[in-house]
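Chain letters run A, B, ... following the sequence lines, proteins first, then strands; residues in each count from 1. Being a predicted model, the structure only gives us computed values, none of them experimental.
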Protein chains: 2
Amino acid sequence: MAAPSSAGPEQRPIATVDIVLVTLGEEGLRLCLQRREHEPHAGELALVGGYVRPEQDADIEAAARRILAGKARLEGLYLEQVRSFGGPGRDPRGWSIAIIYLALVPEERLIAAEAAGAPRFERIDPDRLPPLPFDHARLITAALARLRSKASYSTLPAFLLGDQFTLPELKAVYEQAIGTKLNDSAFRRKLMEMQILEEVDAKASATAERKRPAQLYRLARRTLTEFDRTV
Amino acid sequence: MAAPSSAGPEQRPIATVDIVLVTLGEEGLRLCLQRREHEPHAGELALVGGYVRPEQDADIEAAARRILAGKARLEGLYLEQVRSFGGPGRDPRGWSIAIIYLALVPEERLIAAEAAGAPRFERIDPDRLPPLPFDHARLITAALARLRSKASYSTLPAFLLGDQFTLPELKAVYEQAIGTKLNDSAFRRKLMEMQILEEVDAKASATAERKRPAQLYRLARRTLTEFDRTV
DNA sequence: TTAATAGTGTCTCTCAGACATTATCAC
DNA sequence: GTGATAATGTCTGAGAGACACTATTAA
């Protein structure tokens with residue numbers, strides 16, 4: 001075995017955080033990409049990302065939140081580390097490590113961010129990805145696999161909705177995230193038995209355009225809850 | 001938003017790979033630690049780990065395999081990335097990122113590695129961890145959580161056994177990994193229905209010391225298989 | 001009243017756990 | 001045969017899906 005090197009700064013890899021930002025559009029899950037401001041690949045659609053800054057960041061998640069706030073004007077989102085990719089060829093600037101985060105954002109927060117001056121988000125159908133710079137395609141694949149898998153045994157899809165939501169809305173998000181239809185009465189039964197939700201007291205809301213208004217709920221715990229069984 | 005920095009080498013974090021090496025001892029899962037050769041914390045028990053070396057490594061997993069081969073004389077193990085931790089305080093040399101891998105090793109491979117000159121592995125009961133340097137305790141916690149959770153819906157525990165094993169042996173590993181007793185006939189039923197195993201043809205083995213010998217099996221696929229349902 | 005969605009009740013089928021039974025070996 | 005573990009067969013209860021049915025609103 002070679003003698004240990006000091007691994008001085010000159011041989012350290014570049015370290016970046018890339019955020020796979022997902023929202024729920026009219027027609028299903030949408031990936032939010034922005035045009036890059038700087039080289040390389042300036043002007044092209046890509047993941048929201050940036051350098052880990054040792055002089056600023058308390059940890060990796062703090063770097064992710066700083067980047068989200070700075071480039072996307074988004075704060076307080078559901079954020080989960082997926083994994084890291086590294087190698088010599090993924091970034092022309094040199095051997096690099098990308099730590100991937102999955103972030104979920106309600107559509108209305110996106111609109112508010114754009115109104116507050118964030119560069120426009122392109123909402124992309126994840127099944128119709130355009131060619132992307134770097135290895136962003138595989139980063140996205142990894143994050144969406146995590147989303148789809150974790151959706152079926154946790155409250156993760158709820159973070160694509162606002163604070164309050166109806167059961168039919170919640171069921172629809174689960175269906176989008178998992179990719180299959182769910183049984184209505186079983187869905188209600190399970191969520192109620194598991195005590196995942198609490199009624200928003202006394203207020204049932206009128207639906208936007210028609211028909212019977214539905215009861216509003218919120219998550220009983222504001223953090224992710226994992227189930228012992230499937231949705 | 002601040003102007004983008006070039007993130008020249010001088011502001012890059014240190015990048016290391018740390019490997020949570022797990023085996024199955026007589027009395028259950030055991031964490032394998034080695035004494036550190038170099039400062040900081042030379043001589044103390046710690047995870048097998050090392051620097052990512054941009055000049056050598058094709059990707060992060062290659063770094064992990066290089067470190068395992070170099071410091072532990074182990075090759076071809078089951079290896080899975082868990083997640084990354086980073087921050088200014090976890091390593092006295094500076095702001096650092098540790099990419100954590102879970103590695104599973106059959107006990108006999110460990111013994112062979114030690115015989116081949118690897119520094120001795122201390123087999124530690126994960127429920128009785130001694131104080132550890134850096135933030136290795138939380139890295140271990142993260143990797144063991146992954147092991148315990150994934151054990152119940154995949155062939156992961158099988159990688160703690162050698163190439164061939166009996167069903168009672170396999171059941172015992174699952175029980176150790178998951179931490180609960182399993183139902184015998186249900187265990188057999190599920191593994192058989194899922195076509196996870198194949199019989200080692202015509203050879204049933206004699207047990208070491210006594211009683212009825214059991215049929216030997218091997219994994220039908222040498223890679224990890226995830227189940228649609230729980231073990 | 002009608003139309004459409006929200007929400008409930010009930011039946012059935014599947015599957016996992018419990019446990020009894022049979023099989024196969026060493027001695 | 002005896003004793004011990006390996007392997008199989010069967011029963012039962014819990015829970016998920018299917019679907020019919022009731023509830024509540026706007027128009």
Nucleotide [N], atom [atom2] - distance to [atom1] of [X] in whole Å:
X	N	atom1	atom2	value
A/Met192	C/dT8	CE	P	7 Å
B/Leu197	D/dA7	CG	C1'	14 Å
A/Gln215	C/dG7	CD	P	7 Å
A/Phe187	C/dG9	CZ	C1'	19 Å
B/Glu175	C/dG17	CD	P	12 Å
B/Glu199	D/dA7	CD	C1'	12 Å
B/Arg188	C/dA18	CZ	P	16 Å
A/Phe165	C/dG7	CZ	P	13 Å

Not counting sequence neighbours, which residues clear ring-ring contact (aromatic ring centres under 6.0 Å, His included) with [X]? List them please.
X	result
A/Tyr78	A/Phe159
A/Phe85	none
B/Phe134	B/His41, B/His136

State whether A/Lys171 places a side-chain N or O below 4.0 Å from either non-bridging phosphate oxygen (OP1 or OP2) of C/dA6. no
Closer than 4.0 angstrom, basic N to acidic O: yes or no for B/Arg65 and B/Glu61? yes
Among all residues two or more places apart in sequence or in another chain, which pass the side chain to side chain contact (heavy atoms under 4.5 Å, CB included) test with B/Glu175? B/Lys171, B/Lys181, B/Leu182
Pairs touching residues 97-113 of chain A that satisfy salt bridge (Lys or Arg N to Asp or Glu O under 4.0 Å), sequence neighbours left out: A/Glu107-A/Arg123
Ignoring the backbone of B/Lys190, work out which of D/dG17, D/dA7, C/dG17 is nearest its side chain. C/dG17
Listing time: all N or O pairs from protein to nucleotides 18-25 of chain D that are below 3.5 Å?
unit_1, atom_1, unit_2, atom_2, d
D/dA18, N7, A/Asn183, ND2, 2.9
D/dA18, N6, A/Ser185, OG, 2.9
D/dC19, N4, A/Ser185, OG, 3.1
D/dA23, N3, A/Arg212, NH1, 2.4
D/dT24, O4', A/Arg212, NE, 3.2

